[in-house]
Amino acid sequence: MPAHHAQQRSATPQISEFPDWKTNTEKRSIDLDDLISPGMPKDGIPSIDHPKFVTVEAARSWISPTEPVIALNVNRIARAYPLQILIWHEVCNDQIGPTPVVITFCSICNSAIVFKRSISRRVLSFGISGFVHGANMVLYDRETESWWQQFTGKAIVGDLTGSKLIRLNAQMISFSQFSSAFPAGQVLSRQTGFVRDYGRNPHLRYDNPRGTPNHFRGKPDKRLTPMERVIGVEIGEQARAYPYSITAARRVTYDTIGSQELVIFHAEGATSALDADELKKSREVGSTGVFDPRVDGRRLDFAYSNGEFVDAQTGSHWNIVGKAVEGPLKGKMLNPLAHGDYFAFAWLAFKPSTDIFHN
């Protein structure tokens with residue numbers, strides 16, 4: 001939510017105040033009293049419903065190399081959704097080949113999450129409800145006006161309550177890292193149909209490790225500082241948070257969740273979208289990727305060197321999206337594991353049984 005709304009007094013919404021809603025509020029999995037209405041009406045933040053794209057080369061004129069983008073590679077089509085645009089819209093309904101997708105970004109939680117936007121072959125189009133639940137944005141679908149929790153992809157109020165969207169693998173990386181990995185990739189255009197101050201951050205200094213989260217009513221989990229950045233990984237029923245303070249220092253982190261071994265890459269080169277007035281002037285936070293460390297049945301041991309990851313077995317160089325770009329394994333891809341980069345309070349709130357990775 002834009003900053004000028006973030007400081008407004010939050011109130012429990014009264015459905016009668018929104019006569020344009022057709023939502024079946026009798027069907028729900030949450031208490032309506034737990035919803036917060038920060039003063040933003042339905043579609044007060046406009047979603048992007050007809051996205052246009054430009055080439056990497058064309059985008060270089062208005063996006064700086066270290067600015068963060070949401071990188072998505074579906075049906076062999078790679079697209080970047082710059083946060084300098086999404087921070088003003090929060091939702092982009094897109095179609096990549098035969099796959100309908102929705103790209104979402106909640107600035108409260110720093111959660112960039114991509115879903116397949118269909119349920120039982122029914123394609124849905126999403127907008128921003130204006131509500132917040134659990135300090136996380138609530139989406140709505142225009143077909144049934146059910147309300148959806150962005151962090152989980154679950155419908156929480158309306159006819160589709162209980163339904164869950166399929167999450168797609170995506171990464172927050174720098175524009176430079178995207179353009180190097182996908183030189184023929186497509187970049188969401190600033191020609192959105194709306195006039196916004198793209199490139200400027202409306203949530204000045206919100207990304208502050210010593211700060212407090214907006215709209216958070218829950219009891220703080222003292223295991224982590226609320227606004228610390230973490231990488232959240234869930235394998236089966238087991239969830240684990242990896243603090244940036246550890247992964248950024250290590251650059252390469254190995255771990256096992258259940259029977260799944262994983263390796264976390266944390267590279268330099270990407271700024272926060274929620275720090276300085278201009279994204280290009282924000283502080284460095286880096287980019288992350290989570291992968292299965294095995295290629296063709298062989299486990300690889302990685303080390304970080306000059307912005308790339310080098311495996312000890314073959315000396316091949318790998319980028320942040322898990323592709324070998326140099327050496328005997330050039331062209332090979334690591335299998336990505338679903339993960340997200342969040343503020344700790346959000347991960348802890350939605351995954352209370354999570355454990356925390358320690359040095």
Side-chain angles (χ1 to χ4, degrees), residues 1-13 15 17-23 35-52 68-70 81-94 101-115 117 124-153 155-158 165 170 172 188-204 206-207 213-216 272-274 277 279 342-343 346:
M1 302 269 173
H4 56 281
H5 294 284
Q7 301 305 318
Q8 291 189 14
R9 179 181 176 85
S10 297
T12 301
I15 302 304
E17 296 176 8
F18 303 95
D20 53 333
W21 282 109
K22 301 174 184 177
T23 308
L35 287 169
I36 296 174
S37 180
M40 177 65 67
K42 173 185 179 183
D43 291 323
I45 297 175
S47 61
I48 298 174
D49 298 327
H50 305 286
K52 296 180 173 64
V69 303
I70 301 172
Y81 303 83
L83 288 190
Q84 65 153 267
I85 298 174
L86 271 183
I87 205 169
W88 294 94
H89 297 280
E90 301 189 348
V91 168
C92 177
N93 293 288
D94 199 3
V101 299
V102 59
I103 296 86
T104 69
F105 178 68
C106 176
S107 57
I108 304 170
C109 303
N110 190 56
S111 49
I113 305 176
V114 178
F115 301 103
R117 57 182 178 92
L124 303 175
S125 175
F126 287 91
I128 295 92
S129 70
F131 300 136
V132 173
H133 179 254
N136 176 243
M137 67 187 286
V138 176
L139 312 172
Y140 80 96
D141 70 76
R142 297 187 174 104
E143 288 66 32
T144 73
E145 296 208 347
S146 296
W147 301 343
W148 301 73
Q149 189 82 62
Q150 185 251 7
F151 204 92
T152 63
I156 54 176
V157 181
L165 299 171
M172 269 200 287
L188 179 66
S189 168
R190 282 179 159 185
Q191 303 304 311
T192 61
F194 302 95
V195 178
R196 295 293 185 275
D197 197 359
Y198 297 129
R200 189 179 71 80
N201 166 29
H203 312 277
L204 184 64
Y206 180 61
D207 185 356
N214 287 337
H215 310 304
F216 184 63
S272 167
L274 300 167
D277 180 61
L279 272 69
Y342 315 111
F343 293 134

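Enclosure of atom CD in Glu143 by more than 12 non-hydrogen atoms of other residues, nucleotides or ligands within 6.0 angstrom is indicated.
Considering every non-hydrogen atom in both Ser47 and Asp49, the closest pair reads OG-OD1, 2.9 Å. The two atoms that bring Ala135 and Cys109 nearest to each other are O-SG, 2.9 Å, heavy atoms only. The two residues Asp43 and Gly127 come nearest to each other via the heavy atoms OD1-CA, 4.1 Å. Nearest heavy-atom pair, His89 versus Ile85, reported as atom, atom and distance to 0.1 Å: CD2-O, 3.3 Å. Contact between Ala273 and Leu83 at its shortest, heavy atoms only, is CB-CD1, 3.7 Å. Between Asp94 and Pro51, the shortest heavy-atom distance links the atoms OD1-CG, 3.6 Å.
The main-chain N or O of Phe151 is found under 3.5 Å from a side-chain atom of Asn136 such that the two form a donor-acceptor pair. No side-chain donor-acceptor contact under 3.5 Å links Asn214 to the backbone of Ile108. When atom types are taken as modelled, the side chain of Arg190 and the backbone of Tyr198 share a donor-acceptor pair closer than 3.5 angstrom. No donor-acceptor pair under 3.5 Å is formed between the side chain of His133 and the backbone N or O of Leu35. Not one N or O on the side chain of Glu145 forms a donor-acceptor pair closer than 3.5 Å with the backbone of Trp21. Judged purely by atom type and a 3.5 angstrom limit, Thr104 uses its side chain to pair as donor or acceptor with the backbone of Ile113.
Summarising the geometry, atom CD belonging to Gln149 is positioned 9.0 Å from atom SG belonging to Cys106; distances are rounded to the nearest 0.5 Å. The line from CZ of Arg142 to NZ of Lys42 is 9.0 Å long, rounded to the nearest 0.5 Å. One finds the CZ atom of Phe115 at 6.0 Å from the CD atom of Gln150 (value rounded to the nearest 0.5 Å). With rounding to the nearest 0.5 Å, the separation of CZ in Phe126 from SG in Cys92 is 13.0 Å. Atoms OH and CG, on Tyr206 and Asn110 in that order, are 9.0 Å from each other to the nearest 0.5 Å. In this structure, OG on Ser111 lies 7.0 Å from OH on Tyr342, to the nearest 0.5 angstrom.
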Fill in: Residues Met137, Ile45; criterion side chain to side chain contact (heavy atoms under 4.5 Å, CB included); working and verdict
CA-CA 11 Å; Met137 67 187 286; Ile45 297 175; over 6 Å; no
Worksheet item: side chain to side chain contact (heavy atoms under 4.5 Å, CB included) between Thr23 and Trp147: does it pass, once the steps are laid out?
Response: CA-CA 8 Å; Thr23 308; Trp147 301 343; 3.1 Å; yes
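Using a 4.5 Å cut-off on side-chain heavy atoms (C-beta onward), Arg196 and Pro202 make no contact. Contact annotation: the side chain of Ile87 approaches that of Leu274 to within less than 4.5 Å [non-hydrogen atoms, C-beta and beyond]. Residues Ile128 and Met40 form no side-chain contact, since every pair of their non-hydrogen atoms from C-beta on lies 4.5 Å or further apart. Between Ile48 and Tyr81, the closest side-chain pair of non-hydrogen atoms is not below 4.5 Å.
Under the side-chain contact (heavy atoms from CB on, under 4.5 Å) criterion, Asp277 pairs with Arg200, Leu204, sequence neighbours left out.
Gln84 pairs with exactly one of Asn201, Leu188, Leu279 by the side chain to side chain contact (heavy atoms under 4.5 Å, CB included) rule, that one being Leu279.
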